[in-house]
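Written out below as structure tokens is the structure these notes cover.
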Amino acid sequence: NCYINHPVYNFIDLQDTIVALATPAGSGAIGIVRLSGTHAISIANEVFSAKNLEEVDSHTIHLGYIRNEQQKIIDQALVSVFKMPHSYTKENVIEVSCHGSRYIQQQLIELFIRKGARIAREGEFTLRAFLNGQMDLSQAEAVADLIAAESESAHQIALSQMRGGFSDEIKNLRDELIHFASLIELELDFGEEDVEFANRNDLKDLVAKILTIIKRLLDSFQLGNAIKHGVNTVLAGRPNAGKSTLLNALLNEERAIVSDIAGTTRDTIEGILNIQGVQYRLIDTAGIREATDQIEAIGVQKTMEQVAKSSILVYVYDRNSLSPIEVQADLQKLDNEKMNIIVVANKTDIYNNQQDDGRPNPFIEDRQLFAITQALEKQYITVHLSAKDKTQIDQLKKQLFELFSSNEINQDNSIVSNSRHYEALKSALESLDAVMHGLEVGISGDFLAMDIRHALNYLGEITGQISTDDLLGNIFSSFCIGK
Ligand code: GDP
């Protein structure tokens, strides 16, 4: 099938020789124009004079002039030759490293088009690599992730997925499951006769094994997603608690406007904090005290919206002026099950030095209130710090990082970071739960076979063993041209 039926790829011929700029548009020291397809080498050969490219070995590089039809030199360039099937796309591939002027790049691409190539569609190089069996679907997706990776951990996850990651594991388990599915379907062929080719206990063991693996993969998604997209971390607390000051201390720069007037930080201000390769997107909010004026009300509503959208809430309070009862009330308002909460008891510098009038902090002296504080500290991770003096800021960073423990981030550990995979795994889990349930209650073979087939489809979607034109179109059309 040379066509994919999808709005982006509709009616394009996948047998065509394609051309695109592989480096970013614009000028640089060099730019790379890439050709892929049956005629890639012959097309390049027509405009390259130094050597006959059709006769050179694969994986060789050649310096020479590239001329247009009027024999006018367009550029002196390095031409790399990759012969099928030993290339990224498994087709003939030519990469022309030219001088990085927009004009030269444009001239080259137009020349190649006049010689018979056509402009590549979005992601078409990688699409072809997938269709020609160079990589499975999840590996192809990892190529895009790798290119987009902006932190060490995102890079590691993409790299691991590109090198096979968990897709090999899934492929193997799926093969084992196919074996059972066919045995059960064979039983169905025997109709009336009471035969059992598929050993139910073995099937149960296999399903249990797959379920364990899928659950582990699903659990890894929170981390994977956080690493890929950054962790939304919202700072909330009452006006003057020290949120802006804390944000500055974390980011080490004067980002938010700090002021003594309650409720001046009305807009959400973002900064990105990188802790050991994980990016935390810090969001400051305008306090959660009941709004008194209109502008503040918008801020407060925004706070609740931001809190709902975030995966970590850093609740900041001034431990010298807010009673534990009020802290407790705030936390109750903000807490929801999915949220990771870190409580910051701010302004320890004041307590340490005693207050201006020399009185010790009343909330720590009062035994009943102290009991509430202790209970809260049992329930929530609490860091006592001074945002102003920047003491114990590292402790807060450590707590932030530990919520997404780094131990799991290494190239050997499979982490799901792609929401398409996550959804497919979730559906596979449901089908396999149904299989398990069916086995326990001794359901008939045809129902069992149906649930197994569903699971097989979902697992196959991850690796692309099962793919539809829509699925492929949606994945690759989100790539850029040239990838
Ligand atoms: P926000 O309204 O929660 O954003 O609070 P700000 O960051 O604007 O801080 C309010 C006031 O508290 C400012 O005057 C800060 O300088 C002060 N402040 C913030 N953190 C500390 C701290 O750790 N110690 C002391 N002594 N003052 C602080």
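Numbers here are sequence positions counted from 1. For ligands, and for the atoms within them, numbers begin at 1 and follow the listed sequence.
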Review point. Purely on distance, is any nitrogen or oxygen of Leu246 under 3.5 Å from one on ligand 1?
Key: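 For ligand 1, there is no N or O atom that lies under 3.5 Å from one belonging to Leu246.
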Exercise for review: Could you say whether the N/O atoms of Gly242 and ligand 1 ever approach to under 3.5 Å?
Suggested key: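 Among all N and O atoms of Gly242, at least one is under 3.5 Å from an N or O of ligand 1.
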Review point. Should the pair Lys426-Glu423 be classified as a salt bridge under the 4.0 Å nitrogen-to-oxygen rule?
Key: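 Salt bridge: yes.
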Practice item. Please determine if Glu124 and Arg128 form a salt bridge, counting it only when a charged side-chain N lies under 4.0 Å from a carboxylate O. Key: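 Judged by the 4.0 Å cut-off on N to carboxylate O distance, Glu124 and Arg128 do form a salt bridge.
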Check your understanding: Taking the six-membered ring for Trp, are His421 and Phe166 parallel (under 30°), tilted (30 to 60°) or perpendicular (over 60°)?
Key ->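 Taking Phe166 first and then His421, their aromatic rings stand perpendicular (interplane angle over 60°).
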Review point. How are the rings of Phe479 and Phe476 set to each other: parallel, tilted or perpendicular (split at 30° and 60°)?
Key: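 Plane angle between 30° and 60°, so tilted.
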Exercise for review: Give the atoms of ligand 1, by number and element, whose distance to some non-hydrogen atom of Ile350 is under 4.0 Å.
Suggested key: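 The atoms of ligand 1 under 4.0 Å from a heavy atom of Ile350 are 26 (N).
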Check your understanding: For ligand 1, which atoms sit closer than 4.0 Å to a heavy atom of Ala241?
Key ->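 Ligand 1 atoms under the 4.0 Å threshold to Ala241: 3 (O), 5 (O).
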Considering only heavy atoms, which of [options] lies nearest to [atom]?
atom	options	value
atom 15 (C) of ligand 1	Thr245, Asn320, Asn248	Thr245
atom 12 (O) of ligand 1	Arg238, Lys347, Lys388	Lys347
atom 20 (N) of ligand 1	Asn346, Val344, Val316, Asp349	Asn346

Check your understanding: At the 4.0 Å heavy-atom cut-off, does Pro239 count as touching ligand 1?
Key ->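 The answer is yes, since Pro239 has a heavy atom less than 4.0 Å from ligand 1.
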Review point. What pairs with Ser27 under side-chain contact (heavy atoms from CB on, under 4.5 Å), at least two apart in sequence or on another chain?
Key: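 Ser27 satisfies side-chain contact (heavy atoms from CB on, under 4.5 Å) with no other residue.
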Review point. Counting distance only, does the side-chain N/O of Gln161 pair as donor-acceptor with the main-chain N or O of Ser138 below 3.5 Å?
Key: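 A pair under 3.5 Å: yes.
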